[in-house]
Amino acid sequence: MFVGATQAVAPDAASSLKLATWNVNSIRQRQDLVLDWLAREKPDVLMMQEIKCETAQFPAEAFKQAGYGCVVVGQKSYNGVATLVRGPFETVTECLPGFADDAARYVEVRTQGMVLGNLYLPNGNSGGEAGYATKLNFLDALTARARQMLEQSTDFVLAGDYNICPTREDCAPGALGPEDALVRPQSRAAWRRLCWLGLTDALRALHPHGEAYTFWDYQARAWERDCGLRIDHMLLSPRVAERLQTAIPDRAERGLPRPSDHVPFVVTVAGGA
DNA sequence: ATGGCACGTAGGACGTGA
């Protein structure tokens with residue numbers, strides 16, 4: 001087979017991999033909305049956060065009928081993550097190595113030749129300084145995990161609700177005070193330490209500037225005023241970053257009835273073949 | 001500045017979210 005001139009990599013549904021992350025704010029409240037979205041968008045993988053239920057309460061059967069296998073790490077009332085995968089996969093870990101906390105905030109799967117970490121970072125605004133320290137500890141452990149996978153030459157994506165606005169333009173004017181845990185300098189410094197391992201912020205790699213919010217508060221008519229935040233992210237390891245095609249927050253989802261306060265963030269990468 | 005909204009746990013308000 002003749003290999004001709006280099007061709008621009010164009011998004012191609014047949015050969016590209018579609019990955020999504022979405023903080024659903026209770027899967028029991030959002031089940032039908034998520035199923036509708038899956039039927040429309042047909043991602044290969046959906047990483048969900050804040051499912052807010054115990055593992056046994058997760059509607060796994062409904063998603064199975066929609067064509068997805070799932071791994072669920074739930075707990076009562078709060079937190080909880082679940083990853084839906086079309087096609088074969090295996091679970092790598094159901095907790096973040098090096099983070100000593102029983103909160104359900106991390107799950108990792110291997111599929112399509114890469115490791116996909118699904119994470120829900122502590123908000124950091126509750127529990128005083130100890131609560132904030134937990135957020136930084138999680139980021140330290142995540143950074144160590146990323147470093148380990150880089151050393152092993154593993155292709156990976158770290159996706160989820162980071163609860164960090166990386167820069168000023170990721171936070172609408174007046175949306176948060178300067179002391180908020182989502183914008184505190186220490187939070188942003190920890191984000192940069194993670195990125196500086198050599199990871200690529202999928203959204204900013206393709207859209208270096210401008211608003212790309214993924215969250216609008218339920219309060220104060222935040223959606224109507226477009227008073228949003230960019231806090232849901234995907235970080236790509238180097239070889240995955242070279243395959244990056246698109247990165248789009250699905251804003252339309254926020255305007256539907258009874259939405260989550262977060263919208264899906266969708267990234268496509270060229271297929272392995 | 002003030003948390004005004006939504007969720008789960010309750011079967012009242014309250015903690016949490018960001």
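This structure is a prediction, so every number in the text was calculated from the model and none was measured. The chains referred to below are lettered A, B, ... by the order of the sequence lines, with proteins before strands, and numbering in each begins at 1.
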Would you indicate, yes or no, if [N] has its OP1 or OP2 atom less than 4.0 angstrom from a side-chain nitrogen or oxygen of [X]?
X        : N      : result
A/His262 : B/dG17 : no
A/Arg28  : B/dT9  : yes
A/Arg221 : B/dC5  : no
A/Tyr218 : B/dT16 : no
A/Asn123 : B/dA18 : yes
A/Ser77  : B/dG15 : no
A/Ser26  : B/dG8  : yes
A/Arg30  : B/dC7  : yes
A/Asn25  : B/dC5  : no

In terms of the nearest nucleotide of DNA chain B, which residue is placed more toward the 5' end: A/Gln57 or A/Ser126?
->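 In this pair, the answer is A/Gln57.
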
Residue met sooner reading DNA chain B from 5', once A/Asn125 and A/Ile51 are mapped to nucleotides =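 Going by which nucleotide is closer to the 5' end, it is A/Ile51.
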
What is the distance, rounded to the nearest whole Å, between atom [atom1] of [X] and atom [atom2] of [N]?
X        : N      : atom1 : atom2 : answer
A/Tyr132 : B/dG17 : OH    : P     : 14 Å
A/Asn79  : B/dG15 : CG    : C1'   : 12 Å
A/Ile164 : B/dG17 : CD1   : P     : 14 Å
A/Asp217 : B/dG3  : CG    : C1'   : 8 Å
A/Gln219 : B/dC7  : CD    : P     : 13 Å
A/Lys76  : B/dG15 : NZ    : P     : 18 Å
A/Arg254 : B/dC5  : CZ    : C1'   : 10 Å
A/Gln29  : B/dT16 : CD    : C1'   : 16 Å

Applying the side-chain hydrogen bond (donor to acceptor under 3.5 Å, both in side chains) test to A/Gln49, which of A/Thr21, A/Asn163, A/Asp161, A/Asn79 qualifies?
->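 One option only clears the test, and that one is A/Thr21.
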
Measure centre to centre between the rings of [X] and [Y], then say whether the value is under 6.0 Å.
X        : Y        : result
A/Phe265 : A/Trp22  : no
A/Phe63  : A/Phe58  : yes
A/His262 : A/Trp216 : no

Under 4.0 Å, heavy atoms only, any strand: does [X] hit a base, just the sugar-phosphate, or nothing?
X        : value
A/Leu176 : nothing
A/Tyr162 : nothing
A/Asn23  : sugar-phosphate
A/Asp161 : sugar-phosphate

Return yes if the base of B/dA18 and the side-chain atoms of A/Asn163 contain a donor-acceptor N/O pair under 3.5 Å, otherwise no.
->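 No pair found.
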
Quote, to the nearest angstrom, the [atom1] distance that separates [N] from [M].
N      : M      : atom1 : answer
B/dA1  : B/dG15 : C1'   : 22 Å
B/dA13 : B/dT2  : P     : 25 Å
B/dA18 : B/dA6  : C1'   : 13 Å

When you check the side-chain N and O atoms of A/Asn25 and A/Glu50, is any donor under 3.5 Å from an acceptor?
->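 Judged by distance alone, the side chains do not pair up.
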
Pair A/Trp223-A/Asp217, side-chain donor/acceptor within less than 3.5 Å |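 No, no side-chain donor-acceptor pair sits under 3.5 Å.
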
Do A/Val85 and A/Leu119 share a hydrophobic cluster (ILVMFWY, side-chain heavy atoms under 4.5 Å, transitive)?
->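 No, no single cluster joins them.
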
Which of these nucleotides, B/dC7, B/dA18, B/dG15, is closest to any side-chain atom of A/Tyr78?
->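 From the listed options, B/dG15 comes nearest.
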
